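When a ligand or atom number is given, it counts from 1 through the structure's own listing order. FYI, side chains are in, hydrogens and waters are out, and symmetry mates aren't considered; it's all heavy atoms of this structure. This structure is a prediction, so every number in the text was calculated from the model and none was measured.
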Amino acid sequence: MIVGAQWGDEGKGKIVDLLAQSSDLVCRYNGGPNAGHTIVADGETYKLRHMPSGILWGKECVIGAGCVVDPEVFVEELDDLGGRGLPVDRVRLSGDAHLIMPWHRAIDRGSERRLGKLKIGTTRRGIGPTYADKAMRLGIRVQDLLDAKILRQKIEVALAEKNVWLERVYGSETIELEELAERYEGYAQRLRPYISDTSLLVDRALREARFVLFEGAHGTLLDIDHGTYPFVTSSSTLAGGAAPGLGIGPTRIDSVLGVAKAYVTRVGEGPFPTEIDGPDQERVRDLGGEFGTVTGRVRRCGWLDLVALRYAARLNGFTSLALTKLDVLSSFDELPVCTRYRLPDGIETDEFPAHQSDFHHARPVYETLPGWTEPLDEVEDLHGLPDAARAYVDFVARELDVEVCLIGTGAEREQVLAARELDAIARG
Ligand code: IMP
């Protein structure tokens, strides 16, 4: 199980890609095209939206029931990746996953517009409204694509209501039924071959002792229940979410690898205690190429926050940690690392505040670690790291009491240092 430990964009795609080599099946269990994985392989850049990263190794891939699927994006991705020679026929799509419809995207945009200054800063991909309809039991599911009559009927019923909302509440354009129904029937024909009983498929793979990798989307602090609500996404992003998101029991998850950047980024609105003040913010952003995969938005950058990471370790039960993009920190004399928060009443704590107001007003308390200036891109193993970089990693491991088993030192697939054999890491 691989899960993001911060606010998403931790570089999970690259870690999944690395461990997918030793896997038989790679599964996504939450989110939709709001997640974007960028993977650089053999000099080619792949931007994955729906597809699990295992597709780059030709692995069988699952998109589970906990996901939301935008058929338009899915078809685009099939064409793009298929056209570049990847075996997209190995993708299996759960019939229980929900479909993102054009009204979901329109409502997402309209809702953000209405919220004005209070907006969440969503990716505007229709994620929240799709999960809302799922909870309202009004959603259209992937399996509805299997029957043209059912699909048409469900679109018609939903649209009659959604058009009223679009027009009256959001002042947006309404959607025309015939054109939509025809377009979706076209998507249905493309998607049908991929639909299968993915819960059974994963269960069988596990029974046959095949190696299954679960790929979490987004990050811990974007979790709908335990994240920095309301500035979160609408799905369960935690390791435990993989069980309902795929339709397996929680006892089937053997190990949980958290992925954290060596610093922190966040896109969208919401509190961010270690956000950097001053020119270093831009320096980190430029060095790290911190611009969104999905929306191209500028990512806010901050120093490493161990209070939030400790919380992530608690929520997910990390058995080990991957620290990515350590190379980005290679040109700072000193590196502040937040080990505690100072709360409004002056009390210092190393635990994540349970109350939102405490978190909103928390001030970071930093320990300053020595930086290093040597580039890391040529480093081949852990022993080759500059002393200060090694000390930085050891500090994180000690503070969290979790082994750091992988360290990212550059964008290329090979630029990862491993504490153990990859096969052993992949098997927990
Ligand atoms: P939504 O998921 O589009 O509803 O957006 C809700 C919040 O989650 C916004 O702050 C987004 O920027 C953030 N978000 C959603 N997915 C990701 C991701 O994969 N990486 C980083 N932030 C994300």
Side-chain angles (χ1 to χ4, degrees), residues 2-16 28-39 47-53 63 66-70 73 98 100-101 103-115 117-135 215-238 241 245 258-261 263-272 275 285 288-302 305 308 312 324-325 359-360:
I2 296 182
V3 66
Q6 294 157 327
W7 275 289
D9 310 317
E10 299 91 348
K12 291 179 294 297
K14 182 175 166 173
I15 303 297
V16 176
R28 271 192 62 179
Y29 61 86
N30 72 306
N34 48 344
H37 284 162
T38 306
I39 295 165
K47 288 187 190 285
L48 305 179
R49 309 276 298 280
H50 277 306
M51 297 295 166
S53 313
I63 298 174
C67 296
V68 288
V69 179
D70 188 327
V73 177
H98 279 245
I100 301 174
M101 303 299 290
W103 53 79
H104 292 130
R105 289 194 300 264
I107 291 172
D108 198 357
R109 287 192 300 270
S111 165
E112 286 282 272
R113 214 170 36 239
R114 269 176 74 100
L115 282 168
K117 270 194 357 218
L118 296 177
K119 71 176 193 279
I120 291 160
T122 72
T123 60
R124 297 169 186 236
R125 295 299 189 269
I127 306 299
T130 307
Y131 279 110
D133 274 354
K134 168 178 169 174
E215 170 179 346
H218 323 299
T220 296
L221 296 167
L222 292 171
D223 181 73
I224 182 78
D225 295 302
H226 301 282
T228 49
Y229 193 90
F231 304 104
V232 295
T233 191
S234 302
S235 64
S236 181
T237 63
L238 305 181
V259 183
K261 257 181 207 163
Y263 49 99
V264 189
T265 60
R266 166 161 216 183
V267 269
E269 312 304 312
F272 184 178
E275 186 163 18
R285 181 179 304 128
E290 297 297 352
F291 304 91
T293 313
V294 175
T295 58
R297 284 184 294 176
V298 162
R299 294 180 184 146
R300 300 155 67 193
C301 298
D305 182 345
T324 60
K325 297 185 109 169
F359 180 62
H360 282 239

Side chain Lys325, main chain Gly11, donor-acceptor under 3.5 Å: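 Such a contact is absent between Lys325 side chain and Gly11 backbone.
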What residue and heavy atom of the protein are closest to [atom], and at what distance?
atom	answer
atom 7 (C) of ligand 1	Val232 O, 3.6 Å
atom 22 (N) of ligand 1	Val267 CG2, 3.3 Å
atom 5 (O) of ligand 1	Thr122 CA, 3.3 Å
atom 20 (N) of ligand 1	Asp9 OD1, 3.1 Å
atom 3 (O) of ligand 1	Thr123 OG1, 2.6 Å
atom 14 (N) of ligand 1	Leu222 CD1, 3.7 Å
atom 2 (O) of ligand 1	Thr233 OG1, 2.6 Å

May I ask whether [X] has any heavy atom positioned less than 4.0 angstrom from an atom of ligand 1?
X	value
His218	yes
Gly121	yes
Trp7	yes
Arg266	no

Nearest atoms (heavy-atom pairs only) where Trp7 meets Thr265: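 Answer, listing the atom of Trp7 first, then Thr265: CB-O, 3.6 Å.
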Arg125 N/O under 3.5 Å from ligand 1 N/O: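 There is no such contact.
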Test of proximity, Ser234 against ligand 1: N or O pairs below 3.5 Å: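 No, since none of the N or O atoms of Ser234 sits under 3.5 Å from an N or O of ligand 1.
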Approximate separation, where rounding is to 0.5 Å, of Asp108 CG and Arg125 CZ: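 So the CG of Asp108 and the CZ of Arg125 are separated by 9.5 Å.
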Donor + acceptor pair across side chains of Thr130, His98 (<3.5 Å):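 No, His98 and Thr130 have no side-chain donor paired with an acceptor closer than 3.5 Å.
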Ligand 1 versus Asp108: contacting region, heavy-atom distance under 4.0 Å: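 Contact part for Asp108 vs ligand 1: neither.
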